[in-house]
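Structure first, commentary second.
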Amino acid sequence: MDKFVVRGGNPLLGTIKVSGAKNSALPCMAAAILTEDEVILENIPQVRDIETERKLLTSMGAEVELGYGRAQHRTHIKCAVLSDPVAKYEIVKTMRASSLVLGPLIARTGMARVAMPGGCAIGGRPIDLHIKGLEAMGATITQEHGYLEARATRLKAARILFDKITVTGTEDLLMAATLAEGESIFENCAREPEVTDLAALLNAMGAKIEGAGTSTIRVQGVSKLHGARHRINPDRIEAGTFLIAGAITGGDLNVDSCEPQHLGALIHKLEQCGVRIDVGKDHIRVRSGGELKAADISTEEYPGFPTDMQAQFMALATQAEGTSIVTENIFENRFMHVQELARMGANITINGRTATVRGKTPLQSAAVMCSDLRASASLVLAALVADGETILDRVYHLDRGYEHFEEKLRGVGAQIRRMGDVFGKK
Ligand code: EPZ
């Protein structure tokens with residue numbers, strides 16, 4: 001298993017480019033199931049989860065050509081025939097977002113067999129709201145041997161009030177409703193930019209969706225969708241991770257090819273910490289002399305402070321003067337990075353869903369273990385300011401959602417390199 005070796009101490013200087021959003025690309029690739037025509041997606045990030053999605057779609061009979069290295073990272077997907085509408089456990093267990101094919105498969109083929117995702121490092125993460133919504137649209141869903149078996153002649157429109165705001169739940173039902181009979185109305189929807197991005201693709205495919213990005217979405221079902229070309233949004237979480245990298249290292253970084261308006265909550269918090277932020281049309285300049293002030297965060301659904309930035313912000317809080325209170329409201333087990341940061345000398349206490357971070361504490365290099373995607377990013381950020389050389393194990397977690405992470409950071413002065421497992425693989 002690959003490791004990262006990071007020597008701390010360098011301020012990050014220069015321009016770093018943001019890739020396309022993993023959490024937009026995944027639902028947009030699943031949306032191709034809804035038509036037999038070709039869907040072309042640009043700006044697809046070169047990350048492991050996209051490779052998993054490709055495997056998932058091709059295992060069902062789709063043709064998928066990932067266009068890495070070509071202009072615009074253009075990816076071609078054609079689901080002319082879905083010979084085997086099954087999302088197999090071997091794939092689903094490696095990526096929960098595989099369950100996003102449930103709604104599109106039922107809507108397009110009238111049937112689906114999808115492995116239940118099982119537990120996850122950051123929380124239970126059930127998909128009961130996906131199932132409840134699809135049943136309200138007329139699907140019959142049974143559970144057999146760890147698989148959801150779903151059937152429907154043609155989905156019927158429904159009025160659904162989500163018990164809880166769910167991003168992929170909103171996306172799954174949105175896709176299903178595009179081919180349902182009648183007009184669906186969804187309330188208490190997720191307002192994340194990834195939902196809006198998906199709706200833009202679906203409308204380009206001939207769907208009739210209004211209100212994406214708000215908590216009420218209307219979908220007038222149509223009998224057929226057609227092919228389309230769509231450019232995926234920039235990754236706001238990757239951009240946010242780079243903003244914190246610039247701030248924590250006392251650097252001067254231009255985070256390029258991002259969408260600043262998607263980062264309002266984070267920018268607001270960084271300014272509270274005394275970080276200088278200059279916002280451009282598609283870039284953000286972050287400057288800090290390294291003098292950081294403590295600030296509290298509480299994770300919320302968009303446009304609140306994103307849970308996917310909580311771990312990275314906690315790394316920053318270890319370098320801020322004073323006490324920062326970090327409250328995680330979305331997932332019940334998203335403090336896996338705390339013990340690893342403590343191994344580096346951080347002073348953090350946990351009480352239920354709240355972590356109290358006392359700073360500024362000088363960090364020391366240590367061997368640390370990555371546990372999930374964003375926790376891994378937090379450990380790299382901490383290592384960038386730690387005294388000495390930190391070894392991060394299991395960086396495959398990071399490769400799931402960050403494209404060429406170490407190369408990009410090295411490009412702005414970080415001392416970071418990847419080490420293949422010399423003992424495991426030659
Ligand atoms: C999406 O996950 C993202 N993943 C996550 O990013 C992100 O952390 C999360 O939204 C919240 O912003 C993708 O888009 C692929 P939810 P999702 O359904 O949709 C509960 C990353 O790091 N819930 O909005 O799975 C759930 O347990 C990943 O890139 C139910 O109870 O999250 C959680 O507590 C990690 N029943 C809350 O709702 C359901 O049916 C929000 O989860 C669905 C969700």
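First listed ligand is number 1; within each ligand, the first listed atom is number 1.
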Requested in this report: On the 0 to 90° scale, with breaks at 30° and 60°, tag the F335-H337 ring pair as parallel, tilted or perpendicular.
Outcome: perpendicular
Query - Closest protein heavy atom to atom 32 (O) of ligand 1, given as residue, atom name and distance to 0.1 Å - result: F331 CZ, 3.9 Å
Query raised in the report: Do NZ/NE/NH1/NH2 and the carboxylate oxygens of R229 and E42 come within less than 4.0 Å?
Result: yes
Query raised in the report: Any idea which protein heavy atom is nearest atom 11 (C) of ligand 1, and the distance to it?
Result: T307 CG2, 3.9 Å
Query raised in the report: Is K164 touching ligand 1 with its side chain, its backbone, both, or neither, if touching means heavy atoms under 4.0 Å apart?
Result: side chain
Query raised in the report: In terms of residue, atom name and distance, what is the protein heavy atom nearest to atom 2 (O) of ligand 1?
Result: R125 NH2, 3.1 Å
Query raised in the report: Should E194 be listed as contacting ligand 1, given a heavy-atom distance under 4.0 Å as the test?
Result: no
Query raised in the report: Any N or O of K22 that comes nearer than 3.5 Å to an N or O of ligand 1?
Result: yes
Query - Short N-O contact, R418 and D399, less than 4.0 angstrom - result: yes
**Report entry** Under-4.0 Å salt bridge between K3 and D393
**Finding:** yes
Report summary line: the protein heavy atom lying closest to atom 39 (C) of ligand 1 turns out to be P126 O, 3.0 Å
Query raised in the report: With a cut-off of 4.0 Å, which atoms of ligand 1 are near a heavy atom of I330?
Result: 33 (C), 34 (O), 41 (C)
**Report entry** Polar atom proximity, D308 to ligand 1 (N or O, under 3.5 Å)
**Finding:** yes
Report task. Indicate yes or no: does K22 engage E403 in a salt bridge with an N to O separation below 4.0 Å. Result -> no
**Report entry** Check ion pair R159-E187 (N to O, under 4.0 angstrom)
**Finding:** yes
Report task. Out of D128, N333, T166, indicate the one that has the non-hydrogen atom closest to atom 30 (C) of ligand 1. Result -> D128
Requested in this report: Tell me which protein heavy atom sits closest to atom 19 (O) of ligand 1, plus the residue, atom name and distance to 0.1 Å.
Outcome: T168 OG1, 2.6 Å
Query - Distance filter under 4.0 Å to I127 heavy atoms, resulting ligand 1 atoms - result: 39 (C), 40 (O)
Query raised in the report: Can you list the atoms of ligand 1 that are under 4.0 Å from a heavy atom of H130?
Result: 40 (O)
**Report entry** Non-hydrogen atoms of E36 and R108 that approach each other most closely
**Finding:** CB-NH2, 3.6 Å
Query raised in the report: Looking only at non-hydrogen atoms, which of N23, L100, L373 approaches atom 15 (C) of ligand 1 most closely?
Result: N23
Report task. Would you please indicate yes or no on a ring centroid separation below 6.0 angstrom for F405 and F4? Result -> no
Report task. Inspect the surroundings of CD in Q272 and state if more than 12 heavy atoms from other residues, nucleotides or ligands are less than 6.0 Å away. Result -> yes
Query - Protein contact to atom 40 (O) of ligand 1 [nearest heavy atom, distance to 0.1 Å] - result: L129 N, 2.8 Å
Query raised in the report: For atom 24 (O) of ligand 1, what is the nearest protein heavy atom, given as residue, atom name and distance?
Result: V167 N, 2.8 Å
Query raised in the report: Would D372 count as a contact of ligand 1 if the rule is a heavy atom under 4.0 Å away?
Result: no
Query raised in the report: Would you call R54 and E51 a salt bridge, taking side-chain N to carboxylate O under 4.0 Å as the test?
Result: yes
**Report entry** Residue R334 vicinity, atoms of ligand 1 by number, heavy atom under 4.0 Å
**Finding:** 8 (O), 22 (O), 35 (C)
Report summary line: In this structure, atom 22 (O) of ligand 1 is nearest to the protein heavy atom R374 NE, 2.8 Å
Query raised in the report: Which ligand 1 atoms are under 4.0 Å away from a heavy-atom of I165?
Result: 24 (O), 41 (C)
Requested in this report: May I ask you to decide whether R334 forms a salt bridge with D308, counting only side-chain N to carboxylate O separations under 4.0 Å?
Outcome: yes
Query - Distance-minimising heavy-atom pair for A228 and L201 - result: CB-CD1, 4.4 Å
